[in-house]
Student: 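One structure follows; several queries about it will come next.
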Amino acid sequence: MKLIAKYIFALFLFILQVKGYAQHNESLKGKKILFVVTSNEEVKNSGDKTGIWIEEFATPYYLLKESGVEITVVSPKGGQSPIDPRSTLPDYTTKDVKRFLDDPNAQNVLHHTLTLSKVNAKNYDAVFYPGGHGPMWDLPDNKYSISLIESFYNSGKPVSFVCHGPVALKNVKTKAGIPLIKDKKVTGYANTEEEAGQTKKYIPFLLEDMLKEKGANYLKADDWNPFVVTDGTLITGQNPASAIKVAEALITALSIHKD
């Protein structure tokens with residue numbers, strides 16, 4: 001009898017889950033998300049190849065797309081956005097990465113990104129920045145990216161970032177002219193993760209240090225564990241493993257956001 005009750009309860013939870021997913025799908029119909037990716041393919045002081053860490057693109061891309069969201073991908077230069085070759089190595093190929101590598105349509109999206117300077121925040125409901133080391137060179141000082149984030153945030157629309165994606169927040173300010181992330185709870189790729197990956201000496205600055213210098217309340221979990229922080233409409237994830245949770249938080253934010 002206890003076993004039957006256990007199965008009935010499990011079935012009940014499953015039905016609730018499916019119902020919730022369907023409601024999310026319904027509420028997301030017509031929603032449009034802008035993905036901002038890097039155009040930079042080189043680590044400047046070593047010449048090594050870099051770009052997007054593909055897990056951070058593929059995982060949110062598929063989850064959001066299958067939730068009924070329309071996705072537009074842009075980059076500073078437009079055209080092909082580079083993928084960090086290390087992120088396609090067997091040790092890092094999650095099921096979504098494998099799916100992407102077998103999906104010419106998704107690959108085509110990254111081969112033909114729109115130019116960042118030509119998009120208007122008014123046409124989208126949220127913005128998402130995947131990471132990888134590539135963005136560290138071409139997004140922190142990009143005036144179009146800065147303006148875009150400010151427009152989304154000032155309009156009360158969700159702004160989301162994962163891993164090194166929060167580098168794009170470096171020079172973003174509030175209407176009062178102070179750093180947007182000052183006193184905000186945020187996360188991002190940790191110094192200890194940078195050190196463990198032996199990449200500290202190759203990057204222009206440490207993301208964790210930058211966030212703290214801008215006055216953010218930086219939070220983190222243990223290295224490589226999924227961790228997401230939401231502060232109002234600002235959503236940040238710590239590392240590649242956090243990409244799925246950032247996408248889920250973004251779905252929730254979009255579901256409750258009213259135009």
Side-chain angles (χ1 to χ4, degrees), residues 21 24-25 28 31-43 48-116 119 124 126-139 158 160-168 188-189 193 197 199 224-228 235-251 254:
Y21 183 75
H24 269 320
N25 267 1
L28 293 178
K31 296 289 187 180
K32 297 181 180 181
I33 295 182
L34 197 63
F35 275 38
V36 181
V37 297
T38 184
S39 293
N40 179 56
E41 64 178 357
E42 184 178 89
V43 175
D48 292 338
K49 293 297 182 182
T50 188
I52 304 169
W53 194 263
I54 194 57
E55 178 184 355
E56 298 166 25
F57 173 87
T59 300
Y61 178 81
Y62 287 119
L63 180 61
L64 290 164
K65 195 172 180 64
E66 289 169 359
S67 295
V69 171
E70 182 181 327
I71 297 171
T72 299
V73 185
V74 300
S75 64
K77 294 181 180 179
Q80 185 164 352
S81 179
I83 296 170
D84 189 320
R86 294 173 304 155
S87 68
T88 62
L89 294 175
D91 286 349
Y92 306 116
T93 49
T94 63
K95 64 179 180 63
D96 285 320
V97 171
K98 291 176 182 176
R99 181 179 176 183
F100 174 85
L101 295 175
D102 290 330
D103 184 350
N105 291 327
Q107 292 172 35
N108 191 57
V109 170
L110 280 186
H111 289 162
H112 299 90
T113 67
L114 301 180
T115 305
L116 178 56
V119 297
Y124 303 91
V127 67
F128 170 65
Y129 282 71
H133 282 110
M136 298 197 79
W137 282 273
D138 67 349
L139 287 178
S160 54
F161 313 79
V162 69
C163 201
H164 287 87
V167 297
Y189 205 61
E193 290 172 319
T199 50
W224 320 122
N225 285 326
F227 184 64
V228 170
I235 303 166
T236 50
Q238 182 176 326
N239 46 36
S242 306
I244 183 71
K245 289 189 173 295
V246 171
E248 290 170 347
L250 186 52
I251 286 173
L254 282 169

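Just the heavy atoms: all of them, side chains too, but no hydrogens, waters or symmetry mates, feed the values below.
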Student: Apply ring pair (Phe, Tyr, Trp, His ring centres under 6.0 Å) to F128 and list each qualifying residue two or more places apart in sequence or on a separate chain.
Tutor: F35
Student: Is the side chain of S242 donor-acceptor paired with the backbone N or O of K245 at a distance under 3.5 Å, no angle test?
Tutor: no
Student: Could you tell me if Y62 and D103 have a donor-acceptor pair between their side chains, going purely by distance under 3.5 Å?
Tutor: yes
Student: For D84 and S87, which I'm curious about, is there any donor-acceptor pair between the side chains at under 3.5 Å?
Tutor: no
Student: Determine, stepwise, if the pair V97 / Y92 fulfils side chain to side chain contact (heavy atoms under 4.5 Å, CB included).
Tutor: CA-CA 8 Å; V97 171; Y92 306 116; over 6 Å; no
Student: CD1/I244 to CG/D96 distance, rounded to the nearest 0.5 angstrom?
Tutor: 6.5 Å
Student: With a 4.5 Å limit on heavy-atom distance, are the side chains of E248 and I235 in contact?
Tutor: no
Student: What heavy-atom pair brings P76 and D138 nearest, and what distance separates the two atoms?
Tutor: CG-OD2, 3.6 Å
Student: Flag the pair M136 / H164 as yes when at least one side-chain heavy-atom distance between them is below 4.5 Å, and no otherwise.
Tutor: yes
Student: Can you check side chain to side chain contact (heavy atoms under 4.5 Å, CB included) on H112 and Q107, steps first, answer last?
Tutor: CA-CA 9 Å; H112 299 90; Q107 292 172 35; over 6 Å; no
Student: Less than 4.5 Å apart, any side-chain heavy atom of L250 and any of I33?
Tutor: yes
Student: Checking side chain to side chain donor-acceptor pair (under 3.5 Å) for the pair E41/Q80: CA distance, chi angles, key distance, verdict?
Tutor: CA-CA 10 Å; E41 64 178 357; Q80 185 164 352; over 6 Å; no
Student: With a 4.5 Å cut-off on side-chain heavy atoms, are I54 and F100 touching?
Tutor: yes
Student: Using a 4.5 Å cut-off on heavy atoms from C-beta on, say whether the side chain of T199 contacts that of H133.
Tutor: yes
Student: Apply side chain to side chain contact (heavy atoms under 4.5 Å, CB included) to residues N105 and V109 and explain how you reach the verdict.
Tutor: CA-CA 7 Å; N105 291 327; V109 170; over 6 Å; no
Student: Look up atom CD in E55 and atom NZ in K98, then write down how far apart they are to the nearest 0.5 Å.
Tutor: 12.0 Å
Student: For C163 versus N239, what's the shortest heavy-atom pair and its separation?
Tutor: SG-CA, 3.8 Å
Student: For T50 and E42, indicate whether the former's side chain and the latter's backbone hold a donor-acceptor pair under 3.5 Å.
Tutor: no
Student: Is any side-chain heavy atom of E193 less than 4.5 Å from a side-chain heavy atom of Q238?
Tutor: yes
Student: Taking T113 for its side chain and G79 for its backbone only, find out whether a donor-acceptor pair lies under 3.5 Å.
Tutor: yes
Student: Between CG of L139 and CG of N40, what distance do you get to the nearest 0.5 Å?
Tutor: 9.0 Å
Student: Specify the closest pair of heavy atoms between T38 and G51, including all atoms of both residues, with the distance to one decimal.
Tutor: CG2-C, 3.7 Å
Student: In sequence, state the C-alpha distance, the side-chain angles, and the governing distance for L101 and T88, and then conclude on side chain to side chain contact (heavy atoms under 4.5 Å, CB included).
Tutor: CA-CA 8 Å; L101 295 175; T88 62; 4.2 Å; yes
Student: Using modelled atom types and a 3.5 Å cut-off, is there a donor and acceptor pairing between side-chain atoms of T59 and backbone atoms of E56?
Tutor: no
Student: Is the shortest heavy-atom distance from the side chain of V162 to the side chain of Y129 under 4.5 Å?
Tutor: no
Student: Hey, could you give me the CG/OG distance between L110 and S81, rounded to the nearest 0.5 Å?
Tutor: 5.5 Å
Student: Mind checking whether S160 and V127 have side chains closer than 4.5 Å, heavy atoms only?
Tutor: no
